Structures are given as C-alpha cells and as structure tokens.
Amino acid sequence: MADLVLNETRDGVSVLTLNRPEKLNALNYGLIDRLLAVLDDIEVDGSIRAVILTGAGERAFSAGGDIHEFSASVARGADVALRDFVMRGQRLTARLEAFRKPIIAAVNGIAFGGGCEITEAVPLAIASDRALFAKPEINLAMPPTFGGTQRLPRLAGRKRALELLLTGDWFPPPRALELGLVNQVVPHSDLMPAAHDLARRIITHSPAALAGILTAVARGINLSIAEGLLVEAEQFARMAPTADLREGLGAWIERRNPRYDGSWTHIARPDEARRASLRLDQAMGQAKASR
C-alpha cells in the first residue's frame with residue numbers, strides 16, 4: 001500500500017505530499033493520522049528547518065474530506081461523526097497553525113473544503129495559477145468542520161468570508177490572494193521552486209527565533225493587543241539566554257553573517273552567560289573604536 005503522505009527531505013526542508021491522487025487527495029482518516037504522525041517526527045528532528053506541503057498529481061492539492069468515509073461515520077450517529085471526523089480534522093488544522101517550524105502550502109490544484117481549511121491554517125501559502133478554492137460544505141447541508149467558519153473570517157473579513165461560506169462558490173487564485181488566503185500566485189511550473197525559494201530565505205535565520213515568531217503570532221492573533229504584547233514579551237524572554245541571540249547580535253556588530261548551529265541550546269550556567277556577555281561587550285567596544 002502506498003504511503004498516504006510522501007516525505008522527501010533535502011537541505012533542511014521536508015516536502016510532504018498528500019498522496020491519494022486517484023481521490024484528488026481527499027482527507028480520509030488514515031491520511032490525516034499519518035500527516036499528524038509525520039509532523040510529530042519533524043518537530044523533534046533538528047535537521048529539518050521548514051516544511052512544504054503539497055498534493056500528488058496534477059489536479060488537486062486536496063478536494064477536502066473523504067465524503068464516503070464521513071458518511072459512514074454520520075450513519076453511526078453524531079457522537080461518532082464528531083469524534084472521527086470533526087475533531088480529527090480540527091486537530092490537524094490546529095497542529096498546522098501552531099507548528100513551531102515554518103510550513104508553506106504549495107497549492108497545486110483544487111483546494112476545496114478541508115484542503116482550503118489546511119491552506120487557511122498554515123502560516124504561509126503559495127498558489128499555482130491552476131489552483132482553485134472553494135468552501136462547498138453548504139452543498140452538503142453542513143458547515144465547514146475543520147476550522148473554516150473561524151479562520152476564513154479572520155483572514156478575509158466577516159462579510160467576504162460569509163459570501164463564500166453561504167454560497168459554496170469556487171474562487172480563483174487571484175481572489176485567494178486578495179482575501180489573504182495565499183501569499184503569492186505563480187505559474188504552475190514555478191510553484192515548487194517558489195516554495196523552496198521562500199523556505200530557503202526563511203531558514204537562514206535562527207530556528208529558535210522563527211519558532212518564537214510563529215508562536216507569538218499563532219497565540220496572539222485572537223487576543224487583545226495588550227494580551228498579545230505579553231505573548232510577544234514572553235517569546236523574547238525565551239530567546240534572551242540563547243546562544244542564537246548572542247550570535248545574532250555579535251554578527252550584526254561585527255558586520256558579518258551570523259552562524260547559527262541550528263540547535264535550541266540555551267546558556268544555562270551563570271559563568272557561561274557572564275563570559276558570553278563579556279565577549280559581546282568586547283566586540284561592541286572594538287566595533288565602536290573602529291568607527
């Protein structure tokens with residue numbers, strides 16, 4: 001049996017491919033569970049710095065939930081459908097939204113229903129000019145269930161989101177760009193190169209700092225500005241004792257490119273912190289003297 005999620009890692013970037021092309025990469029329970037398991041492995045693998053998520057084949061990123069499987073759960077009652085389908089899908093999109101490494105959706109075709117909700121949840125997305133988006137759940141006499149009623153209004157605004165949610169109309173990549181669903185639209189042949197280029201530009205930076213930014217945005221976006229600022233300060237406090245921050249400051253002062261080792265190591269012992277501070281002070285003094 002083919003793996004439901006293909007995983008190819010190169011130069012610190014994992015490309016995850018939803019692999020049910022014969023079903024337009026519909027999100028059955030096995031695929032969702034497999035994707036969650038792969039994300040768990042990637043999260044603790046220090047050699048992987050970013051993720052690109054795309055769909056197998058030429059037609060679809062993902063056409064949404066597997067309706068045949070979902071229908072069987074509905075037939076067993078609301079509690080079963082909520083457990084097997086709704087909570088599983090919401091767990092996936094919440095995981096993607098809060099992941100502490102950058103995830104870029106490379107939307108290569110149809111992104112309907114759950115496929116659109118994945119695009120809403122990930123922090124970054126690039127669409128092929130062949131992509132197509134829709135919120136078609138209304139055609140099944142149901143609301144979206146993987147977070148679409150919550151994330152799309154936050155991205156696009158209440159009225160624009162409700163038009164899409166209540167009609168089920170499809171919309172093209174330029175509209176997705178206008179609504180804030182994707183970051184850019186590129187020719188189909190340029191999709192994966194554009195995703196890799198974005199990933200490369202991101203992973204030159206400190207992995208700990210990237211994680212802090214992702215966490216601050218994911219946690220703070222639905223808070224008041226005052227509460228969000230506390231989240232921001234908390235993430236800075238986590239970075240303050242790290243070797244990465246000292247390297248970033250030192251590199252800026254010394255006018256060189258920073259050399260992050262890719263670890264999440266903190267300076268834990270006071271004597272090490274004092275020595276690091278002394279080295280930074282000396283570098284600052286030398287930099288001032290040379291001006």
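These numbers were taken from a predicted model, which means no experiment stands behind them. Values below: every heavy atom of this structure, side chains too, minus hydrogens, waters and symmetry copies. Numbers here are sequence positions counted from 1.
When every heavy atom of Pro207 is checked against every heavy atom of Asp244, the shortest pair comes out as CD-OD2, 3.7 Å. Nearest heavy atom pair, residue Ala134 against residue Gly168, reads CB-O, 4.3 Å. Heavy-atom minimum distance, Ala199 versus Ile104: N-CD1, 3.7 Å. The minimum heavy-atom distance between Ala240 and Arg246, with the atom names listed, is O-NH2, 4.3 Å. In terms of heavy atoms, Pro136 sits closest to Gly113 at CD-N, 3.4 Å. What you find for Ile203 and Ala50 is that their closest heavy atoms are CG2-CB, 3.7 Å.
A cation-pi arrangement is present between Arg88 and Tyr29, with the terminal nitrogen or guanidinium carbon under 6.0 Å from the aromatic centre and inside a 45° cone about the axis.
Looking at residues two or more places apart in sequence or on another chain, you find a side-chain contact (heavy atoms from CB on, under 4.5 Å) between Asp129 and Val185, Pro187, His188. Considering only residues two or more places apart in sequence or on other chains, Asp190 meets the salt bridge (Lys or Arg N to Asp or Glu O under 4.0 Å) condition with none of them.
Looking only at atom types and distance, the side chain of Arg154 has a donor-acceptor partner in the side chain of Asn222 under 3.5 Å away. Side-chain contact annotation: Asn108 with Thr54, donor-acceptor N/O pair under 3.5 Å present. Of the N and O atoms on the side chains of Asp45 and Ser47, at least one donor lies less than 3.5 Å from an acceptor on the other residue. Side-chain contact check for Ser62 and Asn25: no donor-acceptor pair (N or O, by modelled atom type) lies under 3.5 Å.
Of the possible polar contacts, one joining the Thr119 side chain to the Gly115 backbone as a donor-acceptor pair under 3.5 Å is found. Side-chain atoms of Gln235 never come within 3.5 Å of backbone atoms of Glu232 as a donor-acceptor pair (strictly under, hydrogens ignored). With hydrogens and angles disregarded, no donor-acceptor distance shorter than 3.5 Å links the side chain of Thr215 to the backbone of Gly212. In this structure, Lys101 contributes its side chain and Val51 its backbone to no donor-acceptor pair below 3.5 Å. The backbone N or O of Ala156 lies less than 3.5 Å from a partner atom in the side chain of Arg160, making a donor-acceptor pair. Panel note: side chain Asn19, backbone Asp3; a donor-acceptor pair is recorded below 3.5 Å.
Salt bridge Arg83/Asp79: absent, no basic N to carboxylate O contact under 4.0 Å. Under the 4.0 Å criterion applied to side-chain N and carboxylate O atoms, Glu43 and Arg95 are assigned as salt-bridge partners. Under a 4.0 Å N-O distance rule, the pair Glu120/Lys135 qualifies as a salt bridge. Classification of Glu247 and Arg256 as a salt-bridged pair holds, one side-chain N sitting under 4.0 Å from a carboxylate O. Checked for salt-bridge contact, Asp11 and Arg49 miss the test: no charged N lies under 4.0 Å from a carboxylate O. Note on Arg175 versus Glu178: salt bridge recorded, some NZ/NE/NH1/NH2 to OD/OE distance being below 4.0 Å.
We find the CZ-SG distance between Arg151 and Cys116 to be 11.5 Å, quoted to the nearest 0.5 Å. Going from atom OG1 of Thr149 over to atom CD of Glu117 covers 8.0 Å, rounded to the nearest 0.5 Å. Summarising the geometry, atom CG belonging to Leu53 is positioned 8.0 Å from atom OG1 belonging to Thr17; distances are rounded to the nearest 0.5 Å. To the nearest 0.5 angstrom, Leu140 atom CG is 8.0 Å from Phe70 atom CZ. To the nearest 0.5 Å, atom OG1 of residue Thr145 and atom CE of residue Met87 are 10.5 Å apart. Atom CG of Leu198 and atom CG of Asn183 lie 7.0 Å apart (nearest 0.5 Å).
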Begin from the C-alpha positions of Thr242 and Met239 and carry the test side chain to side chain contact (heavy atoms under 4.5 Å, CB included) through to its verdict. CA-CA 5 Å; Thr242 64; Met239 282 300 301; 3.4 Å; yes
Checking side chain to side chain contact (heavy atoms under 4.5 Å, CB included) for the pair Arg76/Asp84: CA distance, chi angles, key distance, verdict? CA-CA 11 Å; Arg76 295 173 60 194; Asp84 290 353; 4.1 Å; yes
For a side chain to side chain contact (heavy atoms under 4.5 Å, CB included) check, start with the C-alpha distance between Thr167 and Ile138, then their side-chain angles and the critical distance, and finish with the verdict. CA-CA 7 Å; Thr167 64; Ile138 190 66; over 6 Å; no
Please step through side chain to side chain contact (heavy atoms under 4.5 Å, CB included) for the pair Leu35 and Leu18, ending with a clear verdict. CA-CA 8 Å; Leu35 182 53; Leu18 308 178; 4.0 Å; yes
Apply the test salt bridge (Lys or Arg N to Asp or Glu O under 4.0 Å) to residues Lys23 and Asp66: give CA-CA distance (whole Å), side-chain angles for both, the deciding distance (0.1 Å), then the verdict. CA-CA 8 Å; Lys23 299 292 185 181; Asp66 188 307; over 6 Å; no
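Cluster annotation: Phe61 is not connected to Leu191 through the hydrophobic network of ILVMFWY side chains, with a link wherever side-chain heavy atoms come within less than 4.5 Å. Leu229 and Val217 fall into different hydrophobic clusters, where Ile, Leu, Val, Met, Phe, Trp and Tyr are joined by side-chain heavy atoms under 4.5 Å apart, directly or via other members. In terms of hydrophobic clustering, with Ile, Leu, Val, Met, Phe, Trp and Tyr side chains grouped at heavy-atom distances under 4.5 Å, Leu230 and Leu214 are assigned to different clusters. Connection of Val107 to Phe112 is not established within any shared hydrophobic cluster, with ILVMFWY side chains joined at heavy-atom distances below 4.5 Å, either directly or through further cluster members. Put simply, Val38 and Val122 are part of the same group of oily side chains (I, L, V, M, F, W, Y) that touch within less than 4.5 Å, one to the next.
In Ile221, the CD1 atom is not crowded: 12 or fewer heavy atoms of neighbouring residues, nucleotides or ligands sit closer than 6.0 Å.
Considering only heavy atoms from C-beta on, Ile118 comes within 4.5 Å of Leu92 through its side chain. Residues Leu16 and Ile42 meet the side-chain proximity criterion, which asks for heavy atoms closer than 4.5 Å. A heavy-atom distance below 4.5 Å is not found between the side chains of Trp170 and Ile110. Looking at Pro173 and Arg130, their side chains never come closer than 4.5 Å, going by heavy atoms from C-beta outward. Considering only heavy atoms from C-beta on, Ser128 stays 4.5 Å or farther from Val186 through its side chain. Side-chain contact between His196 and Ile52 is present, with at least one heavy-atom pair separated by less than 4.5 Å. A heavy-atom distance below 4.5 Å is not found between the side chains of Leu155 and Leu179. At least one side-chain heavy atom of Leu210 sits less than 4.5 Å from a side-chain heavy atom of Ile202.
In summary, the aromatic rings of Phe146 and Phe85 are positioned with their centroids under 6.0 Å apart.
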